[in-house]
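Each remark here refers to the structure printed beneath this line.
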Amino acid sequence: MDLQTRIQLNNGVQMPVLGLGVFLSKDGEETYNAVRWALEAGYRHIDTAAVYGNEESVGRAIRDSGIPREELFVTTKLWNTRIRAHEEEQAFAESLRKLQMDYVDLYLIHWPVREEQGYVRAWSKMEAFNKQGRAKAIGVSNYHVHHLQDLLAVADVPPALNQVECHPELTQVELSDFCREKGIAFEPWSPLGRGKLLENETLKDIAKAHGKTTAQVILRWGLQRGFVNIPKSVHKERIEQNAQLFDFALSQGEMERIFALNKNERVGSDPETFNF
Ligand code: A2P
């Protein structure tokens with residue numbers, strides 16, 4: 001496994017196991033530089049969203065890199081208010097325009113909008129984008145088992161992936177097992193717990209044993225679980241560091257010590273109660 005390793009999604013699309021996340025990366029130079037540095041370091045996968053407000057900077061950085069579009073994997077996401085307003089087509093067209101792309105590799109429903117069962121209703125629009133070739137794969141984010149069950153009951157195209165909060169204090173064993181059974185790839189967001197896990201003593205201890213950082217240990221744990229990882233950083237050294245995950249391996253015992261840190265504790269909103 002290395003930085004160019006890809007997993008195959010349930011529709012045959014190949015997705016790099018590591019990408020750069022740009023949540024909370026400011027539009028303009030901050031996001032532009034982060035994406036340029038990541039591409040220079042060998043990343044070929046970028047994860048953004050309409051609501052992050054930085055699709056234009058992502059698109060500009062990708063275009064300026066000169067890397068052929070087909071070598072890259074770009075994800076963006078459909079925002080909640082656009083689902084409630086039945087504006088899925090406008091929202092998707094806007095994202096493509098800002099990214100300066102005629103397709104994305106993966107388009108996700110960002111949150112399971114409850115009103116009018118938006119988390120199920122919007123899926124037919126997603127399927128249309130997929131059939132048109134404007135989204136090579138389609139998936140969801142922040143879906144729990146019951147959301148996925150409702151969706152799977154009516155979907156023509158099953159979701160390719162579910163992106164949810166997951167890190168050593170929220171290990172998501174049940175949800176990730178369900179996804180694996182159903183052929184849905186699993187992608188943690190906030191893998192570092194927004195940074196708060198970096199000082200955890202167990203993780204520091206394991207990191208020391210490997211001559212690695214705690215961030216690298218957490219990301220490696222995700223990779224060994226078979227997940228796609230999208231760490232966010234706007235710092236060049238950290239972007240490079242977060243990609244150096246392929247020259248060491250965690251033992252079964254170390255994996256278990258990390259699983260034992262679970263507290264079912266979130267750093268972000270709960271998909272059952274979110275109010276945005
Ligand atoms: P920054 O962008 O300033 O580097 P998460 O992915 O869990 O949301 O965590 C992201 C946070 O962790 C960001 O605040 C990011 O800050 C920081 N971060 C990312 N990679 C590293 C790293 N290798 N070492 C320390 N902090 C990191």
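Not measured: the values here are computed from a predicted model. Whatever order the structure lists ligands and atoms in, that order sets their numbers, starting from 1.
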Worksheet entry | Minimum non-hydrogen distance to atom 16 (O) of ligand 1, winning option of Gln241, Lys196, Arg238 | Arg238
Fill in: From CA spacing to verdict: side chain to side chain donor-acceptor pair (under 3.5 Å), Trp189, Asn142
CA-CA 9 Å; Trp189 60 255; Asn142 301 301; 2.7 Å; yes
Worksheet item: For ligand 1, is Pro191 a contact, meaning one of its heavy atoms is under 4.0 Å away?
Response: yes
Worksheet item: Going by the order shown, which atoms of ligand 1 are within less than 4.0 Å of some heavy atom of Val234?
Response: 1 (P), 2 (O), 4 (O)
Fill in: Ion pair check, Glu40 and Lys236, cut-off under 4.0 Å
no
Discussion item. Give me the nearest non-hydrogen protein atom to atom 26 (N) of ligand 1 as residue plus atom name, then the distance to 0.1 Å.
Written reply: Leu198 CD1, 3.3 Å
Worksheet entry | Arg225 NZ/CZ over Trp221 ring centroid, <6.0 Å and within 45° of normal | yes
Worksheet item: Going by the atom numbers of ligand 1, which of them fall below 4.0 Å from some non-hydrogen atom of Gly193?
Response: 7 (O)
Discussion item. Can you name the atoms of ligand 1, numbered from 1 with element, that are less than 4.0 Å from a heavy atom of Ala215?
Written reply: 22 (C), 23 (N)
Discussion item. I need the nearest protein heavy-atom contact for atom 9 (O) of ligand 1: residue, atom name and distance, please.
Written reply: Arg194 CA, 3.5 Å
Practice prompt. Classify the ring geometry between Phe23 and Tyr52 as parallel (under 30°), tilted (30 to 60°) or perpendicular (over 60°).
Written response: tilted
Practice prompt. Run down the list Leu192, Ile218, Asn242 and name the one with the heavy atom closest to atom 7 (O) of ligand 1.
Written response: Leu192
Worksheet item: Could an N or O of ligand 1 be found under 3.5 Å from any N or O of Thr213, whether backbone or side chain?
Response: no
Item to complete: Output yes when Arg257 and Asp205 qualify as a salt bridge under the 4.0 Å nitrogen-oxygen rule, no when they do not.
Response: yes
Discussion item. Go through it in stages, so that I can follow the logic: the residues are Tyr143 and Trp111, the test is ring-ring contact (aromatic ring centres under 6.0 Å, His included), and I'd like the CA-CA distance, side-chain angles, deciding distance and then a yes or no.
Written reply: CA-CA 7 Å; Tyr143 276 43; Trp111 286 84; 9.7 Å; no
Practice prompt. Look up atom CD in Glu169 and atom CG in Asn262, then write down how far apart they are to the nearest 0.5 Å.
Written response: 8.5 Å
Worksheet entry | atom 15 (C) of ligand 1: nearest protein contact (heavy atom, Å) | Lys232 O, 3.5 Å
Item to complete: Report the member of Ser190, Ser25, Ser233 with the shortest heavy-atom distance to atom 8 (O) of ligand 1.
Response: Ser190
Fill in: Over 12 non-hydrogen atoms of neighbours within 6.0 angstrom of CD in Glu115
yes
